[in-house]
Protein chains: 2
Amino acid sequence: MTVRKDDYSGRRIRSVTIAFNIIEVLQERNHVGVTELADELDHSKSTIYSHLQTLRERSILVQEDNGYRLSLRLLDMANSVREQIGNYDVISSEVDKLAEETGEIAQFGIEEHGRTSYLYKATGEQAVETRSRVGIQQPMYSTSLGKTILAFMPSSRTEEIVESIEYTSFTSQTVTGPQELYAELDVIAKRGYGIDDEENIEGLRCVAAPVKREDTVLGAISITGPSSRFTDERIEELSEHVKRAANVIELNTKFS
Amino acid sequence: MTVRKDDYSGRRIRSVTIAFNIIEVLQERNHVGVTELADELDHSKSTIYSHLQTLRERSILVQEDNGYRLSLRLLDMANSVREQIGNYDVISSEVDKLAEETGEIAQFGIEEHGRTSYLYKATGEQAVETRSRVGIQQPMYSTSLGKTILAFMPSSRTEEIVESIEYTSFTSQTVTGPQELYAELDVIAKRGYGIDDEENIEGLRCVAAPVKREDTVLGAISITGPSSRFTDERIEELSEHVKRAANVIELNTKFS
DNA sequence: AATGCTGTTCCCCTCTAGGGAAGATTATTT
DNA sequence: AAATAATCTTCCCTAGAGGGGAACAGCATT
């Protein structure tokens with residue numbers, strides 16, 4: 001297996017960075033004008049203007065009366081990403097089912113550059129609000145999805161990631177270093193599912209099961225809920241649900 | 001109302017163009033390497049490499065064993081776009097309903113830079129295959145969605161668009177110029193719904209109703225199907241369906 | 001061990017692209 | 001309606017960004 005570096009080496013292209021800064025601003029707030037963007041990103045109006053024209057020509061954004069906004073073109077890109085991941089339909093339908101039958105939050109995540117990225121999320125009837133969102137990243141060591149993925153990927157890759165992590169304690173329960181994490185991963189590997197016991201967010205617990213494929217993991221599927229409802233017994237019970245869902249997804253992964 | 005130019009003036013940023021060329025290649029095919037991209041886009045490996053590192057740092061793409069692929073970050077962007085459009089939930093549920101009750105393809109589109117962009121698509125039981133896809137653009141003058149939107153937007157904007165169109169005949173029925181188009185728009189405005197009678201694709205007919213808001217149009221909702229099933233009577237019948245769906249969406253558009 | 005792939009780094013030189021400022025256009029004010 | 005103040009857009013100058021070539025490094029295959 002090729003050794004991947006998760007640090008960022010090499011040169012950066014400044015104008016590309018500027019372009020994505022613009023896109024990021026537009027992601028948070030639409031109908032922004034040239035002047036406003038120039039002020040916010042600390043560039044001259046002419047610079048921003050040229051960028052906007054470039055992005056506009058590429059149909060990344062549209063110009064409307066009251067400013068620029070991101071275009072639907074991005075929806076097409078997102079679709080391509082979903083298709084490339086493969087098995088999106090099975091995954092989403094299993095996550096939906098899980099959310100419905102448990103009433104909680106169900107999610108599917110994969111590893112990207114040593115972090116957990118959410119591919120799909122469904123919220124059940126009594127689900128709590130969380131800040132997790134499709135497409136964003138979270139640390140691997142503080143989430144059930146991340147730890148579960150780590151526990152089942154080829155050990156060479158697991159080590160790469162574990163060693164490159166900078167550990168930050170989000171709560172008093174957060175794993176604080178490699179040794180502790182390795183121990184936890186062992187437990188998960190043996191038990192077959194991973195738990196997040198208020199390690200990422202105070203008051204929230206999760207259970208996750210890996211979706212395996214040959215000698216590696218495609219991702220993991222999880223359920224999240226408030227500690228009040230997520231007793232040890234309930235978690236064990238829920239672990240059966242996630243394992244079953246994971247299994248269904250695995251069975252539908254013959255090709256791709 | 002501000003006069004918008006739909007032609008592309010001003011300077012372009014070359015490196016941003018290169019970056020999006022890379023993204024476009026990656027959209028069609030994942031796990032592409034540096035060398036391959038350099039060949040395909042006709043740039044040196046070092047150039048492509050720097051770009052890839054930049055995009056990687058921005059989490060636009062991920063580097064895996066067998067090459068680069070677009071990251072889930074794009075799903076997050078797509079979500080922002082949907083949120084910015086507003087009323088996405090009502091729109092998608094109405095389109096779903098429409099597809100289900102008619103068994104055909106139902107779509108919702110908006111205008112972007114004088115073209116029709118698809119925001120949402122649902123396919124019913126007996127739906128035919130089409131190349132339309134969420135996020136992509138089609139001409140306004142050859143689609144029921146586009147013509148319907150044109151028919152109900154402020155006339156100043158309609159003119160701007162109609163005049164800037166370059167007319168291409170996709171089928172023998174395609175509208176061929178401004179005069180013909182204006183006449184058609186009049187009919188649509190009076191009738192309350194628009195029709196595409198094999199004007200965009202041979203063998204396909206569509207009906208669309210506008211989703212209005214104050215003095216302008218948010219977009220339009222349509223049903224598409226094979227001419228064999230879409231007799232004039234059926235179309236008139238279906239027009240009621242789309243008008244009803246459009247109305248439901250309108251009623252849910254108080255804010256935003 | 002040798003060859004042929006990849007990805008990565010280095011350096012040079014050109015011309016890109018960022019910035020300032022002035023000109024257009026539209027909006028707001030009086 | 002004229003005047004003012006915002007925008008957006010264009011133009012030009014010049015520093016340094018970034019594209020390219022080539023050499024290097026790391027794997028894989030033979």
Next item on the list: Ignoring backbone atoms, establish whether His43(A) has a side-chain N or O less than 4.0 Å from OP1 or OP2 of dA17(C).
Entry: no

Next item on the list: For the pair Arg157(A) and Glu160(A), find out whether any cationic side-chain nitrogen is under 4.0 Å from an anionic carboxylate oxygen.
Entry: yes

Next item on the list: Side chain of Ser46(B) only, please: which of dT8(C), dT9(C), dG19(D) is the nearest?
Entry: dT9(C)

Notebook entry, point to check: If you pin Val34(A) and Ser50(B) to their nearest nucleotides in DNA chain D, which one's is more 5'?
Noted result: Val34(A)

Next item on the list: Would you classify Thr47(A) as touching base, sugar-phosphate or nothing, given that sugar-phosphate means primed atoms plus P, OP1 and OP2, and contacts are heavy atoms under 4.0 Å?
Entry: base

Checklist line | Any Gln63(B) side-chain N or O less than 4.0 Å from OP1/OP2 of dT8(C) | finding: yes

Check: Nearest of dT6(C), dT9(D), dG18(C) to any side-chain atom of Gln53(A)?
Finding: dT9(D)

Notebook entry, point to check: From dT9(D), dG19(C), dG18(D), pick the nucleotide closest to the side chain of Tyr49(A)?
Noted result: dT9(D)

Checklist line | Check against side chain to side chain contact (heavy atoms under 4.5 Å, CB included), Arg69(B) and Leu26(B) | finding: CA-CA 6 Å; Arg69(B) 66 161 178 79; Leu26(B) 252 40; 5.5 Å; no

Notebook entry, point to check: Counting side-chain heavy atoms from C-beta on, which of dG19(C), dG20(D), dT9(D) comes nearest to Arg11(A)?
Noted result: dG20(D)

Next item on the list: Check whether any side-chain nitrogen or oxygen of Thr35(B) sits under 4.0 Å from OP1 or OP2 of dC5(C), and answer yes or no.
Entry: no

Next item on the list: Looking only at side-chain atoms of Arg14(A), point me to the closest of dG19(D), dT9(D), dG18(C).
Entry: dG18(C)

